[in-house]
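We name chains A, B, ... by the order of the sequence lines, and we start the count at 1 in each one.
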There are 2 protein chains.
Amino acid sequence: MARGKVQMKRIENPVHRQVTFCKRRAGLLKKAKELAVLCDAEIGLFIFSAHGKLYELATKGTMQGLIERYLKSTEGAEDPKEEINMLKNEIEVLQKGLRTLLTPDLVAKYAMATIVC
Amino acid sequence: MARGKVQMKRIENPVHRQVTFCKRRAGLLKKAKELAVLCDAEIGLFIFSAHGKLYELATKGTMQGLIERYLKSTEGAEDPKEEINMLKNEIEVLQKGLRTLLTPDLVAKYAMATIVC
DNA sequence: GACTATTTATAAAC
DNA sequence: GTTTATAAATAGTC
């Protein structure tokens, strides 16, 4: 994001990857706290490093408490909801990829604009 | 963050709060995905809006799977003795670092030798 | 682990 | 939802 765009793929250089992990992890935790404070939300966030180390944030109470709330709010429709969300995510990713390749006339030609229901 | 700094407290205007919630929630989810991809991390993130609506992201597998991993990695680590020992070790390391910097007369002057209980 | 040049995120205003 | 001016995050560097 600075002094050069970043490619959205795994950083291969282990030193660069570790440095970026530290910086962005700190940034992510900060943003999560800010969202919770500014907008009165409750956030549970946990990050496993590639080597298995855990970093966590629970903006209210304990992570266990938030996890219980999460499980309660999802119980009853777990599997279908999970699958639907994963499929929606995949569609989103594919569509973003498509948009970068398609010119407006190609879109018109193949009517790709209606790819989404 | 733009056209004016933001005060780190709950946004009182409900419209502003809702708009900010949508924008920042999207930003937070994006940042989490980026961290996972760039640094080969696994992230579980769930957000309850002030009104109880759930937004979630699991960068690998399902949130249930990540929660299980989280619970495993934290179980057993709650032993107070374990944490006390780790903190004592850290203090020892820091003190050794200090001693390499302090000359005897500085130690005498500030009585740093008694910094630990 | 501090310093910029840049990119990104986003608050306010449409 | 789009735009735009500005604040924040951060990639590369030392």
Side-chain angles (χ1 to χ4, degrees), chain A residues 1-43 45-47 49-51 53 55-57 59 88-89 91-93 95-100 102-104 107 112-117, chain B residues 1-43 45-47 49-51 53 55-57 59 90-91 93-98 100-102:
Chain A
M1 287 153 177
R3 306 212 174 176
K5 285 188 188 179
V6 71
Q7 299 299 311
M8 269 306 296
K9 62 172 186 174
R10 182 173 184 275
I11 297 168
E12 290 306 329
N13 183 311
V15 175
H16 291 178
R17 187 168 65 246
Q18 171 62 19
V19 171
T20 294
F21 179 67
C22 289
K23 288 182 176 178
R24 280 179 173 256
R25 170 165 46 80
L28 186 65
L29 292 169
K30 184 182 178 191
K31 287 280 190 184
K33 288 176 199 168
E34 290 181 351
L35 179 60
V37 170
L38 293 172
C39 303
D40 209 20
E42 292 177 28
I43 301 178
L45 168 61
F46 46 85
I47 305 166
S49 74
H51 213 68
K53 183 163 182 182
Y55 303 86
E56 63 178 298
L57 168 72
T59 63
K88 281 184 178 175
N89 282 338
I91 287 172
E92 189 177 323
V93 168
Q95 288 190 320
K96 279 184 183 169
L98 269 181
R99 285 196 207 101
T100 65
L102 288 174
T103 56
V107 172
M112 295 295 285
T114 59
I115 195 170
V116 195
C117 303
Chain B
M1 286 154 178
R3 306 213 175 177
K5 286 188 187 179
V6 70
Q7 299 300 312
M8 269 307 296
K9 62 172 188 177
R10 183 173 185 275
I11 298 168
E12 290 306 327
N13 182 309
V15 175
H16 291 180
R17 187 167 67 245
Q18 171 62 19
V19 170
T20 295
F21 179 66
C22 289
K23 289 182 176 179
R24 279 178 173 256
R25 170 165 45 81
L28 186 66
L29 292 168
K30 184 183 178 190
K31 288 278 191 186
K33 288 177 196 167
E34 289 181 350
L35 179 60
V37 170
L38 292 172
C39 303
D40 209 19
E42 292 176 28
I43 300 178
L45 168 60
F46 46 86
I47 304 165
S49 73
H51 213 68
K53 183 164 182 183
Y55 303 85
E56 64 178 298
L57 168 72
T59 63
E90 187 160 357
I91 287 172
V93 169
L94 290 171
Q95 288 191 320
K96 279 182 182 171
L98 267 182
T100 66
L101 294 175
L102 289 173

| field | Under the side-chain contact (heavy atoms from CB on, under 4.5 Å) test, residues paired with A/Lys5 that sit two or more places apart | value | none
| task | Quickly work out the A/Phe21 CZ to D/dA11 P distance and round it to whole Å. | result | 14 Å
| query | If you round to the nearest 0.5 Å, how far is CZ of B/Phe21 from NE2 of B/His51? | reply | 12.0 Å
| Interatomic distance where CG belongs to B/Leu35 and C1' belongs to C/dT8 [whole Å] | 16 Å
| field | Value rounded to 0.5 Å, distance of CG in B/Leu45 from CG in B/Leu57 | value | 5.5 Å
| Given axes from five pairs at either end, by how many degrees does the helix from C/dG1-D/dC14 to C/dC14-D/dG1 bend, rounded to 10°? | 30°
| CD of A/Glu56 to CG of A/Leu29: how many Å apart, nearest 0.5 Å? | 10.0 Å
| query | Do any pairs count as a side-chain hydrogen bond (donor to acceptor under 3.5 Å, both in side chains) and have a residue in residues 9-24 of chain A, sequence neighbours left out, and if so which ones? | reply | A/Arg10-A/Glu12, A/Arg10-B/Asp40, A/Arg24-B/Glu34
| request: Go along nucleotides 9-14 of chain C 5' to 3' and tag each nucleotide: B for a protein heavy atom under 4.0 Å from its base, S when only backbone or sugar atoms are that close, - otherwise. | output: SBBBS-
| What's the spacing between A/Lys31 NZ and B/Lys30 NZ if we round to 0.5 Å? | 11.0 Å
| Gap separating the CG atom of B/Leu35 from the CD1 atom of B/Ile43, nearest 0.5 angstrom | 4.0 Å
| What pairs with A/Glu42 under side chain to side chain donor-acceptor pair (under 3.5 Å), at least two apart in sequence or on another chain? | A/Lys60, A/Arg69
